[in-house]
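Order of appearance sets the numbers: ligands from 1, and atoms from 1 within every ligand.
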Amino acid sequence: MMEQDEFALRKFVAPEFVFGFDARKLAGRYAKNFGARKVLVVTDPGVMAAGWTDDVLTALRGEGLEYAIFSSVTSNPKANEVKEGTAFYQRENCNVIVAVGGGSPMDCAKGIGIVSTNKRDILEFEGVDKVEIPIPPLICVPTTAGSSADVSQFAIITDSQRMTKVAIISKMIVPDVALIDPLTTMSMPSELTACTGMDAFCHGIEAFVSTAHSPITDLHAMQAITLISSNLLPTLDAPDNINFRGRMMLASLDAGLAFSNTSLGMVHAMAHSLGGMLDSPHGECNALLLPHIIDFNFAAVPGRYKLIAEAMGLATMGMAPDEIRAALHSKIKRLREAAGITHTLTQLGVDKSNIPELAEKAMNDPCIFTNPRQPSQEDIEAIYEKAL
Ligand SMILES: [Fe+2]
């Protein structure tokens with residue numbers, strides 16, 4: 001396949017964002033500027049225990065704003081949680097939403113926003129540009145360095161009945177402002193740091209090789225890849241080091257700006273399918289699949305993967321493409337294992353008999369369209385099998 005033309009027509013959508021220490025404390029001022037009467041705060045018990053929700057509530061009170069808290073959000077937010085949250089939003093007569101947390105509360109908040117104005121079941125919005133009516137003002141305060149839901153036009157909701165994840169991609173769900181405060185990532189335990197960091201790493205890589213990439217997204221994707229490959233392990237070794245944490249948060253922002261505009265690829269399509277079945281951490285699913293998908297995609301865009309390998313510190317001079325592919329595969333595998341992600345799919349609970357269904361769902365995920373090489377269902381089955 002030919003690489004994309006450098007000047008192909010592309011647009012770039014990003015919300016207003018504030019990055020830096022204490023950004024979370026601006027939530028009150030922004031909510032007030034958006035005309036808040038009563039704010040729905042969407043968060044989860046872990047983030048509340050860490051104290052980040054309280055800081056946001058203090059900021060809201062500081063502006064004299066009323067609020068109601070919805071915290072019944074699990075990891076991999078479910079359609080019924082969106083339904084419950086929407087009913088709560090309406091009952092409490094809110095008119096602005098503030099999400100405080102990782103990808104799960106932020107995606108759930110986006111879902112609540114969609115349903116509260118569009119008045120249809122959240123699962124009906126699967127796919128690209130299906131949201132017709134704008135959502136209420138949405139402020140996101142991310143507390144992980146990974147999902148980038150705070151800057152993206154993506155929301156991923158689990159359909160518990162079909163045991164699959166639904167990807168909703170729409171400009172309507174780009175938040176109005178992201179208040180990105182690296183301090184909020186200090187409370188992440190190491191497993192969450194590793195999984196969310198590997199998720200952001202996959203965002204950078206999938207954005208860089210996406211068929212919809214552009215010179216602007218390349219810049220952000222490449223910076224994300226460079227920052228994560230040099231700061232993830234140091235962060236895990238020294239979790240209290242704010243410089244490492246800050247660089248991971250910056251990397252997550254970069255990766256989010258990139259993938260929100262390029263969409264993703266096979267890693268995410270296959271990880272969504274897995275996550276829907278297993279309810280296991282999204283970043284872990286991605287990380288287990290990534291090296292195998294690089295093997296599959298490499299020949300379609302070898303020059304792009306060579307740049308990724310070099311950004312990760314591999315000396316590629318004099319290497320044949322196949323040697324670069326193998327070196328990149330093992331470099332990423334080592335990074336993943338050093339980060340403590342060592343399971344196989346079998347250990348996560350996947351059986352060989354599950355593979356056809358997993359592959360069928362992955363084929364239907366909208367993320368698959370921008371993968372640099374279009375797979376058949378058999379190709380996807382073979383990759384799941386390798387990762388067993
Ligand atoms: Fe992701």
Side-chain angles (χ1 to χ4, degrees), residues 75-77 99 101-108 110-111 126 128 140 142-158 164-170 173-175 178 180 185 188 191-210 212-213 217 220-221 224-225 227-228 232 248-249 251-294 332 335-336 339 341 348 361-362 365-371 387:
S75 55
N76 301 317
S104 304
M106 289 193 284
D107 282 354
C108 187
K110 287 178 173 183
E126 177 170 21
V128 182
C140 285
T143 61
T144 61
S147 80
S148 312
D150 50 296
V151 294
S152 81
Q153 39 188 336
F154 281 64
I156 310 296
I157 304 294
T158 297
T164 193
K165 285 188 171 190
V166 164
I168 299 166
I169 307 165
S170 167
I173 56 174
V174 175
I180 310 168
T185 63
M188 279 198 289
E191 198 193 325
L192 189 61
T193 302
C195 288
T196 52
M198 285 307 291
D199 183 27
F201 186 64
C202 290
H203 294 158
I205 290 185
E206 293 217 283
F208 196 71
V209 301
S210 160
H213 78 90
T217 58
H220 291 291
I225 294 164
L227 282 171
I228 295 166
L232 177 58
M248 287 301 294
M249 196 56 145
S252 169
L253 169 60
D254 270 311
L257 292 172
F259 94 78
S260 177
N261 288 286
T262 58
S263 192
L264 293 156
M266 261 170 91
V267 177
H268 273 76
M270 293 176 64
H272 290 156
S273 178
L274 271 180
M277 189 182 104
L278 305 167
D279 205 20
S280 44
H282 168 65
E284 181 175 32
C285 295
N286 280 334
L288 296 177
L289 296 164
L290 178 64
H292 300 293
I293 290 167
I294 287 176
I332 289 173
L335 173 68
R336 178 187 85 197
I341 301 177
L348 289 185
K361 285 175 178 164
D365 189 288
C367 292
I368 205 106
F369 301 124
T370 41
N371 194 66

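- Using a 4.5 Å heavy-atom threshold, the side chains of His268 and Glu206 count as touching.
- Put simply, the angle at the Fe ion (ligand 1) from OD1 in Asp199 to NE2 in His282 is close to 90°, to the nearest 10°.
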(request) Take Met198 and Glu284, measure what side-chain contact (heavy atoms from CB on, under 4.5 Å) needs, and give me the verdict at the end. (result) CA-CA 7 Å; Met198 285 307 291; Glu284 181 175 32; over 6 Å; no
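- At least one donor-acceptor pair under 3.5 Å links the side chain of Thr262 to the backbone N or O of Ala258.
- In this structure, the side chains of Ile169 and Pro366 come closer than 4.5 Å at one or more pairs of heavy atoms.
- One finds an angle of 90° at the Fe ion (ligand 1) between NE2 on His268 and NE2 on His203, to the nearest 10 degrees.
- Residue side and main chain included, Cys202 places no N/O/S atom under 2.8 Å of the Fe ion (ligand 1).
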